[in-house]
Every structure is written in structure tokens, then in C-alpha cells.
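For reference, the structure discussed in these notes is given below.
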Amino acid sequence: MHASWGTSVSAVTDEIGVGPWPGEWPTDVRYDPELLAEGDRRNVVDRYRYWSLEAIVADLDTRRHPFHVAIENWAHDLNIGSVVRTANAFLAAEVHIVGNRRWNRRGAMVTDRYQHVRHHPSIDELLAWASSQGIPVLGVDNLPGSVPLEGYPLPRACVLLFGQESVGLSDEARAAAVDVLHIAQFGSTRSINAGAAAAIAMHSWIAQHAG
Ligand SMILES: C[S@@+](CC[C@H](N)C(=O)[O-])C[C@H]1O[C@@H](n2cnc3c(N)ncnc32)[C@H](O)[C@@H]1O
């Protein structure tokens, strides 16, 4: 990318992204003519500036990590958007929504367009899918019998399954999990926000496996 317009945030306008492509347009098919003409104000890393959505997803698909993220959605948990955004940042293979199909996309900040999101009406269906892929399901919650996430050897291919705010992992999810992992806490609150817990757990996988 050209050094003079490669920077993504303008100090003068606080505008994110880049303006119209200066000079002769590149011929690579990954570039989107509309973005080249109008500028690219999306929240994407500089490597993907001016690339079409399809080209970005295709590139991400060549290097996704083998961990999956699943979250129960029985009451339209507002954390799901944040979980999807973090899953995109850490390049999870897929996000699985268990329960209600509809979820609040606002927190995803459009990252759901770049992320494969699969719906399972029930925990049984998530389990059937995971077993068809030979992938173990690990619950993440601070429940009796849970073991510390810290120091736990996370499998390369796994599903990290989170519960929703207030109620946490359902009994079915708990029973389905090979192990339930808790994140150590030291203060007075019973738990942390599900989106924050998901980010910590995903980053634990990254710390163990990502090159
Ligand atoms: C707000 S918590 C609610 C349930 C929690 N078991 C309780 O006793 O309050 C919602 C979800 O966030 C995640 N979570 C929150 N704190 C956690 C922790 N310390 N360890 C692991 N997961 C946690 C879990 O996935 C949990 O299902």
C-alpha cells in the first residue's frame, strides 16, 4: 500500500479509513471498484483496504484457526455481538448460536459479515454437529466442578461454549461439555460479563496455539 495514504485514521478529521484511490486503479480482482472510487471507511486492517467483502472472507478462510465459539441464546443476550467481534479478531473457525436464531448484531460492529455464524436450535444439535466433526465441546463457566482455564491444555480443535448473562450455562450445556473451565477471579463479583469471559478464553487459545 502507498505510504502516503496507508494510514487508517486521519489526525485532522478523526475519519477512519482511506479516501478514493489516488492515481491509476490497481487491476487485482480483489479490489472493489466502488471502494476505490469512494474510499474505504470500513473498520478493517490496512491489509484489506479497498478489498471486496467476498475477497476478505475468502482470504480469512484460508487461515482460520481451528477453534470454534458457541454461545447460548435463550434471551437475546446482548453479549453475542461482542463475542462475534472477538471471534473475528482472533479468527475463530465459526461462531455457533445455540437457541434463538435472532441475536442483537449491534455489538458485532458488522464483523458478522466476515465471520461464519451457524445456528443450532438446541444444545443437542450443537453436540451432534461437534461430534460429526470430531471436535470436543468445552464449557466455560465458573460452576461447581469446573477446572481452572489457567494452565488447561486447550485442544487445537475445540468448541468453547459460553452461557448467557445471569443464568450462565444451561444444565444441558454443562452435561454436554467434556470439561467446564473457569477463569480465576479475585474480587467480590460472582462472575464477569460473558463477552469479557469469551475474549479471555479465546485469547488463552491464541496464547497456546497461534503462531
Ligand atoms: C454472567 S455469567 C453468569 C453465570 C455464573 N455462573 C454465575 O454464577 O453468576 C455469564 C457467562 O459468562 C461466562 N463467565 C462469566 N464469568 C466467568 C468466569 N469467571 N469463568 C468462566 N466463565 C465465566 C460464562 O460463560 C457464563 O455462562
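Remember, it's a predicted structure, so these values are computed and weren't measured experimentally. Ligands are counted one by one from 1 in listed order, and the atoms in each one are counted from 1 as well. Atom set for the values below is all heavy atoms of this structure, side chains included, hydrogens, waters and symmetry mates excluded.
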Exercise. Measure Ala194 to ligand 1 on non-hydrogen atoms and call it side chain, backbone, both or neither using the 4.0 Å cut-off.
Key: both
Exercise. Please state which part of Leu181 comes within less than 4.0 Å of ligand 1, counting heavy atoms only: side chain, backbone, both or neither.
Key: backbone
Quick one: which ligand 1 atoms are inside 4.0 Å of a heavy atom on [X]?
{"X": "Gln164", "answer": "10 (C)"}
{"X": "Gly168", "answer": "3 (C), 4 (C), 27 (O)"}
{"X": "Glu165", "answer": "1 (C)"}

Quiz item: Does a sphere of radius 6.0 Å around CD in Glu34 hold more than 12 heavy atoms from other residues, nucleotides or ligands, not counting ones at 6.0 Å or beyond?
Solution: no
Quiz item: Quick check: are there more than 12 heavy atoms from other residues, nucleotides or ligands sitting under 6.0 Å from CZ of Arg101?
Solution: no
Nitrogen or oxygen of [X] less than 3.5 angstrom from that of ligand 1:
{"X": "Leu161", "result": "no"}
{"X": "Asn142", "result": "yes"}
{"X": "Leu143", "result": "no"}
{"X": "Ala197", "result": "no"}
{"X": "Arg190", "result": "yes"}
{"X": "His182", "result": "no"}
{"X": "Ser166", "result": "no"}

Self-check item: Presence of salt bridge, Asp112 and Arg85, under 4.0 angstrom
Solution: no
Quiz item: Are Trp129 and His68 close enough that their ring centres sit under 6.0 Å apart?
Solution: yes
Quiz item: How about His65 and Phe90: are their ring centroids closer than 6.0 Å?
Solution: no
Quiz prompt | Nearest neighbour of atom 1 (C) of ligand 1 from the list Ser191, Ala201, Ala198, on a heavy-atom basis | solution = Ser191
Practice problem: Find out if a path of hydrophobic residues (ILVMFWY) with successive side-chain heavy-atom gaps under 4.5 Å connects Ile71 to Val117. | Solution: yes
Quiz item: Roughly how far apart are Arg42 CZ and Arg113 CZ, rounded to 0.5 Å?
Solution: 9.5 Å
